[in-house]
Every structure is written in C-alpha cells, then in structure tokens.
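Below is one structure, written out as structure tokens; comments come after it.
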Amino acid sequence: MKRRNTVTKEAVLSVLNTSGKAMSQQAIEKEIGVDINRATIYRVLNRYCDDGIVHKIIADDGRQYFAICIKCDEKKQPLHHFHFRCTQCETIECLPVPVTFSLPKSYTLEGVNCVLTGVCKDCAK
C-alpha cells in the first residue's frame with residue numbers, strides 16, 4: 001500500500017538513516033528537527049515496521065529500539081540477525097551474523113529477537 005509522505009515521516013526516517021544504529025523513541029525525539037510528540041513518533045515507527053522499512057528490537061532493558069531494515073539485500077543483512085546493545089553508550093546495532101536455530105515439529109516461527117549485551121567496539125577503545 002502506497003502511503004502519503006509527510007514532513008513528520010521524513011524527519012523520523014532521516015534521523016534513523018543518519019544514526020546508522022537502532023534508536024529508541026526517546027533518542028529519536030531528541031534528534032528530530034521538527035515539532036512532533038511521542039505518540040506521533042511511535043505511530044510513524046510502527047507504520048514503518050508494518051511496511052518493512054524499519055524493524056523493532058525489544059532489548060533486555062525492556063525498551064523498544066527501531067532500526068532501518070537492510071533486508072532487501074540479504075547479502076548485507078540476514079533477515080534473522082543478532083543485535084548488540086552497548087551498556088556504556090546505550091546504543092543497539094544490527095550485527096551481520098545470521099541467527100541459526102531449529103524448532104520442534106508443529107511450531108511455526110513468527111519472529112526472532114536476539115540481543116547480545118556488552119561493550120561495543122567504539123566504547124572498548
């Protein structure tokens with residue numbers, strides 16, 4: 001379904017594209033250059049998730065983070081991949097490591113959420 005582009009939607013997408021990492025709603029709200037409220041940001045992010053433009057990561061800290069999908073090119077980012085949450089800089093990044101697992105018969109997979117926690121390469125320097 002083709003959706004109408006708005007200044008708000010473009011601003012949210014621009015912040016995510018610029019960051020290169022997954023961001024929480026609060027982080028997006030701090031970086032965004034237009035007047036927008038929390039509910040609108042969540043509505044835009046959830047619509048982007050529905051459209052496959054953004055994917056949602058629920059981290060071990062209970063917060064929701066959102067990242068631009070690169071799944072259109074499976075060579076760059078596997079559909080089911082790991083995420084890494086840095087405990088120092090509080091960022092989450094997608095890792096190009098495919099998640100491999102098996103399910104018992106009669107189970108149907110609907111989603112994968114794999115978050116590794118530690119110190120990222122930038123903070124470890």
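- A perpendicular orientation is assigned to the rings of Tyr42 and Phe66, their planes being inclined by more than 60° (bins at 30° and 60°).
- Partners of Gln64 under the side chain to side chain donor-acceptor pair (under 3.5 Å) rule, at least two apart in sequence or in another chain, do not exist in this structure.
- Proximity of a side-chain donor or acceptor of Tyr48 to a complementary backbone N or O of Lys9 within less than 3.5 Å is detected.
- Hydrophobic cluster membership for Ile58: none, as no Ile, Leu, Val, Met, Phe, Trp or Tyr side chain comes under 4.5 Å of it.
- The shortest distance between side-chain heavy atoms of Arg47 and Ile53 does not fall below 4.5 Å.
- Shortest non-hydrogen contact noted between Ile36 and Thr8 is CD1-CG2, 2.9 Å.
- Under the 4.5 Å side-chain criterion, counting only non-hydrogen atoms from C-beta, Ile68 is in contact with Leu13.
- Note on Val15 and Ile57: separate hydrophobic clusters, where clusters join Ile, Leu, Val, Met, Phe, Trp and Tyr whose side-chain heavy atoms are under 4.5 Å apart, directly or indirectly.
- Residue Glu29 comes nearest to Ile32 through the heavy atom pair O-CG2, 3.5 Å, listed as atom of the first residue, atom of the second, then distance.
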Solution key, residues 118-125 side-chain donor-acceptor pairs under 3.5 Å, sequence neighbours excluded:
none

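- Under the 4.5 Å side-chain contact rule for hydrophobic residues, Ile92 and Phe82 do not share a cluster.
- The NZ atom of Lys30 sits 12.0 Å away from the CD1 atom of Ile28 when rounded to the nearest 0.5 Å.
- For Asn37, the side chain to side chain donor-acceptor pair (under 3.5 Å) criterion is met by Thr40, not counting sequence neighbours.
- For residues 10-22, the pairs satisfying side-chain hydrogen bond (donor to acceptor under 3.5 Å, both in side chains) are Asn5-Glu10, with sequence neighbours left out.
- Taking the side chain as every heavy atom from C-beta outward, Leu116 and Leu95 approach each other to under 4.5 Å.
- Taking Glu31 as the reference, nothing meets the side chain to side chain donor-acceptor pair (under 3.5 Å) condition, with sequence neighbours excluded.
- Note on Val44 and Met23: same hydrophobic cluster, where clusters join Ile, Leu, Val, Met, Phe, Trp and Tyr whose side-chain heavy atoms are under 4.5 Å apart, directly or indirectly.
- Residues forming a side chain to side chain contact (heavy atoms under 4.5 Å, CB included) with Arg63 (at least two apart in sequence, or on another chain): Ser24, Gln26, Asp61, Tyr65, Glu90.
- Residues passing the side chain to side chain contact (heavy atoms under 4.5 Å, CB included) test with Thr117, sequence neighbours excluded: Asp60, Arg85, Thr87, Val115.
- Applying the side-chain hydrogen bond (donor to acceptor under 3.5 Å, both in side chains) test to every pair with at least one member in residues 91-101, sequence neighbours left out, gives no pairs at all.
- Remark: Val7 pairs with Val34 by the side chain to side chain contact (heavy atoms under 4.5 Å, CB included) rule, at least two apart or across chains.
- Within the structure, ring pair (Phe, Tyr, Trp, His ring centres under 6.0 Å) pairs that include any residue of residues 84-124 do not occur (at least two apart or interchain).
- In this structure Gln88 satisfies the side chain to side chain donor-acceptor pair (under 3.5 Å) test with no other residue, sequence neighbours excluded.
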